[in-house]
Every structure is written in C-alpha cells, then in structure tokens.
There are 2 protein chains.
Amino acid sequence: MTLWSRIADTLRREIAEGARPEGSKLPTEGALAARFGVNRHTVRRALAALAEDGLVRSRRGAGTFVAAATTEYPLGRRVRFRQSMQAAGRVPGKRFLSQETRSATVEEARALDLQPGAPVHVADGISMADGQPVALFRSTFPAERLPGLAEALASEGSVTRALAMCGVDDYTRASTRLIAVAATAEEAVHLHLGVGAPLILSEAINVDAEGRPVEHGLTRFAGERIALTLDHA
Amino acid sequence: MTLWSRIADTLRREIAEGARPEGSKLPTEGALAARFGVNRHTVRRALAALAEDGLVRSRRGAGTFVAAATTEYPLGRRVRFRQSMQAAGRVPGKRFLSQETRSATVEEARALDLQPGAPVHVADGISMADGQPVALFRSTFPAERLPGLAEALASEGSVTRALAMCGVDDYTRASTRLIAVAATAEEAVHLHLGVGAPLILSEAINVDAEGRPVEHGLTRFAGERIALTLDHA
DNA sequence: CCTCATTTGTGCGTATGTATC
DNA sequence: AGATACATACGCACAAATGAG
C-alpha cells in the first residue's frame, strides 16, 4: 500500500530468504533511500516497522543489523536447556563464569529446604544458542547432598549430566516464577544487549524423584531472543 | 531526555492519573504541538510511543483516543475467569450464545480422550470485564461423563459451578497452546473490534483430579484488552 | 588518545492524501 | 459538500554515538 510498507516488505523478504543473514548489517539509511528512490524518513519508517517486529536492531553511529530469530523455549515440568535448543534447531552452548562453595543465604536455604548456613555450591554462567548469548544463569545446589558436583560440572559442562554423576538420575521442575526486569550494565555486557533491555527473570526450583530440591535456578533470559512457551502437561 | 519522550511521559502520567479517562479523545496533534511548543511531528513521535505501549489508539480523521486499560489474566494450572477478573479489580460477566449436544469431531475426540463420534456438549459464549467483551469462548465437554451439564450451565452461568453440580469438584489445566490470529467478521462484531484485529487464540485442556479431560476450551482473547500472564507456581 | 568521517536519532518546515464527522 | 484531523512523504539541519585510523 504505502511506500514505507512496500519497502518494509521487500526487506522482510530479503531477510526471510536468507539473503541477509542474522547479524549482518543492512545498507545505511541513506543508501536504502537511494536504492528505493525515496526520502530517508520513508526508509526510517520502514525500518521502524521491522524493528517493531523484532527483525532488525539499530545502533546509533553503527548501523542497522538483522536480529537473530527468537528461539522457542518451552517451560514445563521437564526443562532441559540443551534438549530444547536442539529441538529448536539451534546449537546449544554454555560457559561458566564462576563457581564457588559457600554458606547458603536465607533465601537459598529456604528455596532448597536446607538449614540456614548449610553449604551450597553456586555456579554462574552464560547459556548460548548458535554461539549467541541468550541467558545468564545462577544455579545453586545443596553441597552436602551432592559431593563432587563442582568437578562434575566443570568436566561435563552440563547440569543434567553433572547431577547424574552425583546420583540424581532425574529431576523435574517444581515451580517457576517469571518477572520482567531491566538489564544492568553487567548483564548487558554478557548478553550483548543495551543497558535497560528487557529481561525475563525466571526463578525455578528443580526437585529429584523424591521431591527433594536439588537445584535453585535464577535465569535471566534476553527477552527479545528467547520466547518462553508454557506447556503444563 | 528527548523532547518527544518528555511529552510522552507527560501524557502517560495524565492518563495514569485519570485526568484522561478511558475512551476520551486527546487534543488534536496540532493542539498538542501548540501546548508543548513543538512541531507536530514531535507530538506524533510521542503519540507513536504511547500507541506502541497500547495506551492510545488513533483513527485517521477522527482523533487519538485513550485505550482501555488491559486486564491481567494469569495462565496456570488453575485458571478461573471469574476469580482472575475479580483479582484484577474488574466485574466479570458471561453470556452464552449457543449450546448444543452432538457427536465429537476428530479433533475434539482426541483432545477429550474420547471415541470418535462420542457425544459432546458444546457451549459458545462471550466473556466480559466491566461489561466490555474481552473474549469469545467455545467449551467442549464429554456429555456421557457429565449428565445434566447443559441445565447446570444455563442455570449457574459458570463453568466451575456447573462442573461441581456434575460431580467435578476440582479441575486443573493440563496444557495451553497460544497462537495469534486475525479477527473474522463475526468475531469482530461480538468483541466490538475491527475485522482483522489481533486475537490470541488459546487452546486449553482441563482435567479433573484423576487427570481425565473434562473440558476442551477454545478462547479468542481481544489481544489489546487482555494481557495473558504465565505463572505455573 | 584523539580526530574525523560515518551513521543513526531528533526536530522543524512544508505539502498532499484520505478518512471522519 | 466542506471542515477537521490523522497518514504519508519530501527536504533540510544538527546532535550523538560509533568505529577506523
């Protein structure tokens, strides 16, 4: 219909067809204006529409870039990052930022059903999809119940496999709480987002087959790169 | 910071404080430009930001109007329209459009775990908040397991109470699937929306305490009047 | 470290189209 | 039919952030 919507559709198709891969830089607004024979404002209107759909992201002084497609992440009683990413056709990745064993805070003790001050093992890290960071996590485990977990986490790089090595063959999610928060400066750096970008903060408790808590997970998802889906089956 | 964001914030607060009630018409773009001493384009940028947040809606030739506040509707294992609306400070309402008992389609039979062709009771209706339509629903029940449901629905006007009269004291949601659709002409009429308005189509299965399906719900929410929230605690 | 060209973001002025009342 | 009001589009100018050198 309108000029700007035709331009937006043209760019949309170029992105969908793969001619403009994820992360690639679009031509400058001026160049696009010349290509389509319109004013720069008209191009900007088209780019605003694409940005609203989450297809592109612009950075002042740098340019406009094709955003990564959002990955579907189902939330349910069985939540496995690795499997979910593979099901979504992405290559999962994980990097640990730090690990430590210390006394539990009041909140951690309550979440894990421990005595206050009991030892817990805490791991911080980044979850990635196709090499791009999509979430920051902090996992807290009851240290006394899971001896050798620190080494297992480091060697396996997988929560599921590390827990299996500590005798926890299976675990399920008991609860999930979701709130929206703005990215802090540190979070923004790790997730390659701007400060204040919307994050989904997920607080989860995973329990073993007997219902005893084995992990307290605090995950901050990059809201625009991950779509959470609910399936309480 | 910017001119347009300051103008947007000013208008946002006027709306939040109730100085500009729902449905009221904002001053014309020209009038706002004069009031803030800026160009009309700057006012348009501010109004675009408000429209993106869903706070206002503009109609060419008519003006810009304050949109009705969205109602929060939590989705989880226990989903009760009446209670959720009351919790959100709204007066819930329900109107049945039609009811019939017939043979189940293939999809309905699979959803309710019935033999194809088994009798089902189907109720169509409108859900309202503060007298305004917010959703169209179609509930399908296994007729053989719930004798007398039709009369119960008609007399009680509540799914929860009607099921209770049929011996289902409690039910929980087993699964929810959400997709976005455009409103058909008929849906638009019932929901007081334009044709093509975005709807959220929710397909849900509710089960009794033993896990047997008791209701298959197909609900079309007016996307701009209801915000679905997920909290499966 | 600083400079500087590049690129997006903001803002104003103007004109025309088009739906609404 | 006419006035009003929003939608689109062009042109110009400057600010602010980026990134290369």
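Being a predicted model, the structure only gives us computed values, none of them experimental.
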Inset, instruction - May I ask you to decide if the ring planes of F96(B) and F137(B) are parallel, tilted or perpendicular, using 30° and 60° as cut-offs? - result: perpendicular
Legend entry - Check: R82(A) and T160(A) side chains under 4.5 Å, non-hydrogen atoms: no
Inset, instruction - Measure the OG1-CZ distance between T64(B) and R44(B) for me, rounded to the nearest 0.5 Å. - result: 8.5 Å
Legend entry - DNA chain D: 5'-proximal contact among S5(A) and R60(A) (nearest heavy atom): S5(A)
Inset, instruction - Compare every heavy atom of W4(A) with every heavy atom of A49(A), then report the nearest pair and how far apart it is. - result: CB-CZ3, 3.8 Å
Legend entry - Pair listing, salt bridge (charged side-chain N to carboxylate O under 4.0 Å, His left out) test, anchored in residues 132-141 of chain A, at least two apart: D124(A)-R138(A)
Inset, instruction - With sequence neighbours left out, write down each residue that passes side chain to side chain contact (heavy atoms under 4.5 Å, CB included) with A62(A), or none if nothing qualifies. - result: R59(A), F65(A)
Output one line per pair: protein atom, nucleotide atom from nucleotides 19-21 of chain D, and distance, for all N/O pairs under 3.5 Å.
from, atom 1, to, atom 2, distance (Å)
dG19(D), OP1, R59(A), NH2, 2.4

Inset, instruction - Five pairs at each end of the helix from dC2(C)-dG21(D) to dC21(C)-dG2(D): take the axis at both ends and give me the angle between them to 10°. - result: 20°
Inset, instruction - Please report the closest heavy-atom contact between F221(A) and Y73(A), naming both atoms and the distance. - result: CZ-CE2, 3.6 Å
Legend entry - For atom CG of L47(B) and atom P of dT8(D), their distance in whole Å: 14 Å
Inset, instruction - Scan residues 36-45 of chain B against DNA chain D and write down, sorted by residue number, each residue with any heavy atom closer than 4.0 Å; if none is found, say none. - result: R40(B), H41(B), R44(B)
Legend entry - Residues, nucleotides or ligands: over 12 heavy atoms within 6.0 Å of E186(B) CD: no
Legend entry - Exceeds 12 heavy-atom contacts within 6.0 angstrom, atom CZ of R35(A): yes
Legend entry - More than 12 heavy atoms from other groups under 6.0 Å of CZ on R6(B): no
Legend entry - Segment of DNA chain C, first to last nucleotide, that comes within the 4.0 Å heavy-atom reach of chain B: dT10(C) to dC21(C)
Legend entry - Any L11(A) side-chain heavy atom under 4.5 Å of L47(A) side chain: yes
Legend entry - Heavy-atom side-chain contact between L153(A) and H121(A) under 4.5 Å: yes
Legend entry - Atom CZ of R161(B) with >12 non-hydrogen neighbours under 6.0 angstrom: yes
